[in-house]
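Here the structure is laid out as C-alpha cells; the discussion comes afterwards.
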Amino acid sequence: MLDPKLLRTAPEQVAHQLARRGIPLDTAALQNLEAQRKQHQQATESLQAERNHQAKLIGQAKSQGQDIQPLLQATNTLGQKLNAAKQALAAVQKDWDDLAATLPNLPDQAVPEGKSEADNRELSRWGHPRHFDFKVRDHVEIGEKLGGLDFAAATRLTGARFVVMHGQIARLHRALTQFMLDTHLENHGYCEVQVPYLIHRDSLHGTGQLPKFAADLFRLDTDPGYYLIPTAEVPVTNLVRGRICEDLPHKYVCHSPCFRSEAGSHGRDTRGMIRQHQFDKVELVQCVHPDQSDQALEELTAHAEAILQLLELPYRKMDLCTADLGFAAARTYDLEVWLPAQKTYREISSCSNFRDFQARRMQARFRDTRGKPQLLHTLNGSALAVGRTLVAVLENHQQADGSVTVPPILRPRLGGLDRLTAPD
RNA sequence: GGAGGGGUGGCUGAGUGGUCGAAAGCACCGGUCUUGAAAACCGGCGUACCGCAAGGUACCCAGGGUUCGAAUCCCUGCCCCUCCGCCA
C-alpha cells in the first residue's frame, strides 16, 4: 500500500510516478473522495463528541439522584443522526481503501523506463554459454532418456503442468535444494525457517497477492478457505505482520513448494518443467531498517548469484523496467540463466525491494532511535527456483552420450556421483 | 470431535455499565545523588486521525447488537490454554 498521507497531500506526484508504470490515477476522483471523507469524518466525530458529552451529564445527574428524564430527551435523535453519519463515512472510506489497495508501489528513480519486458536493462553477465559439438537436447529429452523425468505419469496422477521425478534426478533435485539452503545459512547469514503451506487471505493481502491477483492462486474449498502458497515469500514475510521488531535485520531462508494456477499464461512454456503448477523454491526474505534496504537488495541478489556461480551456470542480471516491475516492488533484479536448448536466458530468480509497501499493509514496524514505531522495509528473492535450476543443470552440463555431468559442488550430496546416466 | 477456561498498552496484570485510554509492576527515557556505575528517589512513558491551537475522535482479539452511555452485558467468528477422544 502507498502512504495514504502522500496520496492525500501529493496526488499529482504519485500520479506522475505511477504513470511511469503505465498506471493511470484519477487525481480528481481521489481528491473528491478525500474531501468527502474529511467532511463525513468531521461530522461523525462532532456527533460522537456530543453523544459523549450528553452521556457524561446523565451519568453525573444520576449519581446525584437528579431526574434524568429531560436529559434523555435531549439525546432523542442523536443516535439516528450518528448512525447515518457513520454509514456515510464508512462508505467513503471503503471506496478509498478499495482504490488504494489496487495501486502498485512507486518505482525507484533508477528503474529504467519501459513498455514491456523487452525494455529491461541488462546489468551484467557471468560465465559463457558452452559450445556444443553435438545436437543439444532439452531437459525433457534428457530427463526421459535418463528415466528421471516422467510427465506422462504426472498427467495420469493429476494433469498437465506437473512432473514426477525418479531416481538420480529426484536425488539431484533434493541435493540442489539442500545445497542452496546450506549455502545461505552457512555463508550468507540467513536463518532457516519452515512455514505453513496453507495460509489465509490476510497474509496474502499483506504481501500484495490479494486483492488483485486471486486468479493466480489455488484456493481450498474448505471452511476456512485457505490458499496454497504461491511462494514462501508470503508466509515468511508475514512473520513480522502486526509486530514491532526489536532486532533488525531479519534474514530468513526458506525452502517450500510453490503452487500457482498461472491462469493467464496457458500456451506459454507448455513443454517441460519451466512453468508448472507446483515447483520447489528456496526463498530469501529480509526485513531491514529503511536506510539499509537499497544495500540489502544488492547483497541479497549477490547471494542468489553465488548459487548460479557455484553450479557453473551462465547467467545475466537484469534491471526490470517500469512495465515489468511486480505490483509491490520498487526495484527488482531478475537473474536469467542460460538455457542452451532454447538458446536464450530464462528467469531463475527475482530479487525485489518492496520498501515500506508490504510493511504498511502488514503493519510491520521497528522502533527508531526516539522509540517511535516506524515501518520497516521488506525484500525477497528466489535463490533459486529449484525446478528451473534442475533444468539448467541438465541442459548446460549434458554430454553427447545423453549423460549429465554433476557440478563438483553437488557431488558429495549425491554420494560422490559425478555423472547422471541412464539405468541399465 | 466432546467439556470447560481465557484473549486488556513493549511485557506481566487489575478493572461493580457512567470523568477508564484504562490501576499496579516490569522494561524503557530524562533528572537528582555518585569520580563512574548500581541502588534509591523524582518525573515522563500507547497508536492513528481531525485541528493553527485549545482541544476533539477512535482503538481493551475481530464483526455485529443492547443502552443516553460498553473494556465491562448479548450474539457470531477467530485465536490461545486445560481435560477427554482420535491421530502422524
Side-chain angles (χ1 to χ4, degrees), chain A residues 1-11 30-101 194-206 210-211 219-220 222-227 235 238-248 250 287 289 356 359-376:
Chain A
M1 206 164 77
L2 296 175
D3 184 355
K5 229 176 245 172
L6 188 67
L7 220 41
R8 278 198 287 264
T9 57
L30 194 70
Q31 281 169 310
N32 178 38
L33 218 48
E34 167 61 8
Q36 282 186 49
R37 185 197 63 80
K38 203 167 207 169
Q39 183 204 324
H40 288 305
Q41 181 169 338
Q42 286 175 344
T44 302
E45 290 187 358
S46 75
L47 284 169
Q48 284 171 326
E50 173 68 10
R51 177 203 61 193
N52 292 347
H53 179 66
Q54 291 296 338
K56 198 162 277 185
L57 288 182
I58 292 173
Q60 286 170 355
K62 208 174 176 184
S63 70
Q64 291 165 18
Q66 297 171 357
D67 180 17
I68 61 170
Q69 225 28 57
L71 287 169
L72 282 178
Q73 291 200 345
T75 66
N76 239 345
T77 58
L78 204 56
Q80 266 186 334
K81 283 196 226 167
L82 180 56
N83 267 338
K86 271 183 174 171
Q87 278 177 20
L89 176 61
V92 173
Q93 191 70 56
K94 185 178 185 306
D95 286 347
W96 171 278
D97 290 345
D98 288 350
L99 177 63
Q194 267 291 330
V195 293
Y197 304 148
L198 300 180
I199 55 215
H200 58 48
R201 55 174 43 250
D202 288 350
S203 293
L204 287 153
H205 192 271
L210 288 180
R219 185 156 58 94
L220 266 62
T222 53
D223 185 24
Y226 297 121
Y227 293 81
N238 273 283
L239 288 172
V240 295
R241 185 156 51 93
R243 305 194 49 145
I244 297 176
C245 302
E246 308 283 357
D247 51 349
L248 297 181
H250 291 187
C287 302
H289 188 283
D356 61 11
R360 184 170 297 105
R361 289 170 159 243
M362 294 189 296
Q363 283 302 298
R365 297 175 293 175
F366 70 99
R367 287 190 189 281
D368 65 17
T369 47
R370 294 169 307 157
K372 295 296 173 193
Q374 304 279 347
L375 295 173
L376 49 77

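Being a predicted model, the structure only gives us computed values, none of them experimental. In what follows, every chain begins at residue 1, and chains take the letters A, B, ... in the order their sequences are listed.
To the nearest angstrom, C1' of B/C50 lies 17 Å from NZ of A/Lys86. A/Lys38 has its NZ atom 15 Å from the C1' atom of B/G56, to the nearest Å. Distance A/Gln48 CD to B/C49 C1': 12 Å, rounded to the nearest Å. As rounded to whole Å, 15 Å separates atom C1' of B/C49 from atom CZ of A/Arg360. Taking atom CD of residue A/Gln42 and atom P of nucleotide B/U57, one finds them 14 Å apart after rounding to whole Å.
Across B/G43 and B/C26, the matching P atoms stand 14 Å from one another, rounded to whole Å. With both ends at atom C1', the span from B/G63 to B/C59 equals 14 Å, rounded to whole Å. The gap from the P atom of B/C29 to that of B/A39 amounts to 12 Å, rounded to the nearest Å. A gap of 9 Å separates the C1' atoms of B/G21 and B/G46, to the nearest Å. Across the C1' atoms, B/C42 and B/G69 are found 38 Å apart, a figure rounded to whole Å. Spacing of P atoms, B/C73 relative to B/G6, comes out at 11 Å, to the nearest Å. Nucleotides B/U72 and B/G9, compared at atom P, are 15 Å apart to the nearest Å. Comparing the same atom, C1', in B/G30 and in B/C45 gives a spacing of 10 Å after rounding to whole Å.
In this structure, B/A58 forms a base pair with B/U47, meeting either the Watson-Crick or the G-U wobble geometry with both donor-acceptor distances under 3.5 Å. In a base pair of the Watson-Crick type (N1 to N3 plus N6-O4 or O6-N4) or a G-U wobble (N1-O2 and O6-N3), with each distance short of 3.5 Å, B/G63 is matched with B/C75. Checking B/A39 for Watson-Crick or G-U wobble geometry (two distances, each under 3.5 Å) identifies no partner in any strand.
When side chains are defined from C-beta on, A/Trp96 counts as touching A/Arg8, because their heavy atoms get closer than 4.5 Å.
Of all the heavy atoms in A/Tyr227 and A/His200, the pair that sits closest is CD1-C, 4.5 Å.
Between A/Arg367 and A/Ala49, the one whose closest nucleotide on RNA chain B sits nearer the 5' end is A/Arg367. Along RNA chain B, the nucleotide nearest A/Lys5 and the nucleotide nearest A/Ile244 are compared for position; the residue whose nucleotide lies closer to the 5' end is A/Ile244.
A/Arg243 CZ: 12 or fewer foreign heavy atoms inside a 6.0 Å radius.
Electrostatic pairing of A/Lys372 and A/Asp368 does not count as a salt bridge here, judged by no charged N lying under 4.0 Å from a carboxylate O.
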For nucleotides 64-69 of chain B, tabulate all protein N/O to nucleotide N/O atom pairs closer than 3.5 Å, reporting atom names and distance.
from  : atom 1 : to      : atom 2 : distance (Å)
B/C68 : O4'    : A/Thr75 : OG1    : 3.3

